[in-house]
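Below: the structure, in structure tokens.
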Amino acid sequence: MSTRHPNPQHFPSYRNPSAKQKPTFSTDPQRTQAARAFHHGAHTYQDVRPHYPAEVAELIAGAHRVADIGAGTGKLTESLINPTVLAVEPSADMARVLHHRLDVPIIRATAEHTALADASLNAACLAQTWHWVDVAAASAELDRILAPGGRVLLVWNTLDVHSDPWILRLSRIMHSGDVHKPGFYPEYKAPWTLERELRLSWTHELTPEQLHQLMHTRSYWLRNNEAIHERMTHNLNWYLYEHMGFSAGQKLHIPYRTDAFVLVREAKSRD
């Protein structure tokens, strides 16, 4: 007999983690549509998405004028210690929350079309953003807006699904990105080349209720309907409370990893 809630015990559990370098989309419009899901849900995003380790901001601490592109609610923006910081964010909902939290200029624009002046920055950051952009167009735009010697900082916080099988199954049930394999490298186009990388492991404290909220910040949740939401909620409740035996309000240490990359322009060869 079919049921609205298939038995979550049948949900694939301990398959191998993804070996992909990044999320993949069938078409550019599909990628764009998935990214547009973040045009709502900003308050929840701010409440439960993790911050970034301090070591990330230190990678570009010497830059005078910096833009956080795809800034969201300002998770990375607030950690930047540069003299001049501005934010670029296409979502009105994200920009609204960012505006109430931080006193920085905000430009409503995308990584491909930032509306910034030529050579006007010394560094640009893109955190949880690069996999949503047109890499060729964004690489060219960064080349336009960054002054000579400018740097690009690409950053991801990812659930560390290799730390424990329960985290891998959690990520699958939540439809959280299990798509950046350990040691991955982002794609980028000329004139950019990799100068430095940073790999960190750490933990983020969340309750089972907050894990539900974290699920609500994922693109898959945001772009789907109530029937899908009900099924995902049912599956996660079963997993956290029945299968894992956690209690409401229990503080759980969720393992994360941070992967950060500094790009610089390729050195021009001399004749």
Side-chain angles (χ1 to χ4, degrees), residues 22-23 35 38 41-63 65-91 94-95 97-104 106 111 121-133 138 142 151-163 167 171 176-186 188 194-206 210-211 213-214 217-219 252-263:
K22 63 176 184 177
F38 293 100
H43 279 295
T44 303
Y45 191 104
Q46 172 57 31
D47 288 344
V48 295
R49 284 288 185 113
H51 297 278
Y52 294 88
E55 294 92 329
V56 173
E58 292 171 2
L59 291 171
I60 55 165
R65 183 174 170 84
V66 177
D68 186 5
I69 300 174
T73 62
K75 288 287 187 177
L76 179 63
T77 320
E78 64 189 347
S79 70
L80 298 177
I81 56 177
N82 311 83
T84 302
V85 175
L86 56 96
V88 177
E89 172 54 47
S91 164
M94 293 283 186
V97 174
L98 174 57
H99 172 72
H100 287 297
R101 296 186 58 244
L102 302 175
D103 183 20
V104 298
I106 302 172
L121 300 175
N122 305 109
C125 315
L126 297 97
Q128 309 296 127
T129 300
W130 194 246
H131 54 283
W132 298 117
V133 309
L142 291 167
R151 283 169 162 71
V152 177
L153 174 61
L154 307 180
V155 192
W156 284 267
N157 280 337
T158 308
L159 284 172
D160 189 355
V161 299
H162 288 77
S163 64
I167 297 295
S171 76
S176 298
D178 161 33
V179 288
H180 289 96
K181 69 178 184 179
F184 81 97
Y185 287 95
Y188 45 85
L194 181 64
E195 179 191 56
R196 185 178 175 186
E197 62 189 85
L198 176 69
R199 316 275 188 177
L200 301 172
S201 297
W202 48 283
T203 59
H204 183 43
E205 191 175 87
L206 293 171
Q210 288 172 320
L211 284 173
Q213 289 184 296
L214 184 63
T217 72
R218 303 302 181 184
S219 174
L252 307 173
H253 295 284
I254 308 301
Y256 269 86
R257 65 170 216 263
T258 295
D259 298 274
F261 309 88
V262 178
L263 308 182

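Taking CG of L206 as the start and CG of L214 as the end, the distance is 6.5 Å to the nearest 0.5 Å. Between atom CD of residue E58 and atom CG of residue L153 there is a gap of 12.0 Å, rounded to the nearest 0.5 Å. Note that NE2 of H180 and CZ of R257 are 8.0 Å apart. Values are rounded to the nearest 0.5 Å.
When every heavy atom of V133 is checked against every heavy atom of A111, the shortest pair comes out as CG1-CB, 3.8 Å. The two residues I60 and N82 make their nearest non-hydrogen contact at O-ND2, 2.7 Å. Smallest separation of non-hydrogen atoms from A123 and A63: CB-CB, 3.6 Å. Here the closest non-hydrogen pair linking T73 and Q46 is OG1-OE1, 2.7 Å.
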Mind running ring-ring contact (aromatic ring centres under 6.0 Å, His included) on Y256 and Y52 for me, showing each step along the way?
CA-CA 10 Å; Y256 269 86; Y52 294 88; 9.7 Å; no

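A donor-acceptor contact shorter than 3.5 Å links the side chain of T129 to the backbone of G70.
A donor and an acceptor atom, one from each side chain of R218 and S176, are located under 3.5 Å apart.
In H204, the NE2 atom is crowded: over 12 heavy atoms of neighbouring residues, nucleotides or ligands sit closer than 6.0 Å.
Residues forming a salt bridge (Lys or Arg N to Asp or Glu O under 4.0 Å) with E197 (at least two apart in sequence, or on another chain): R199.
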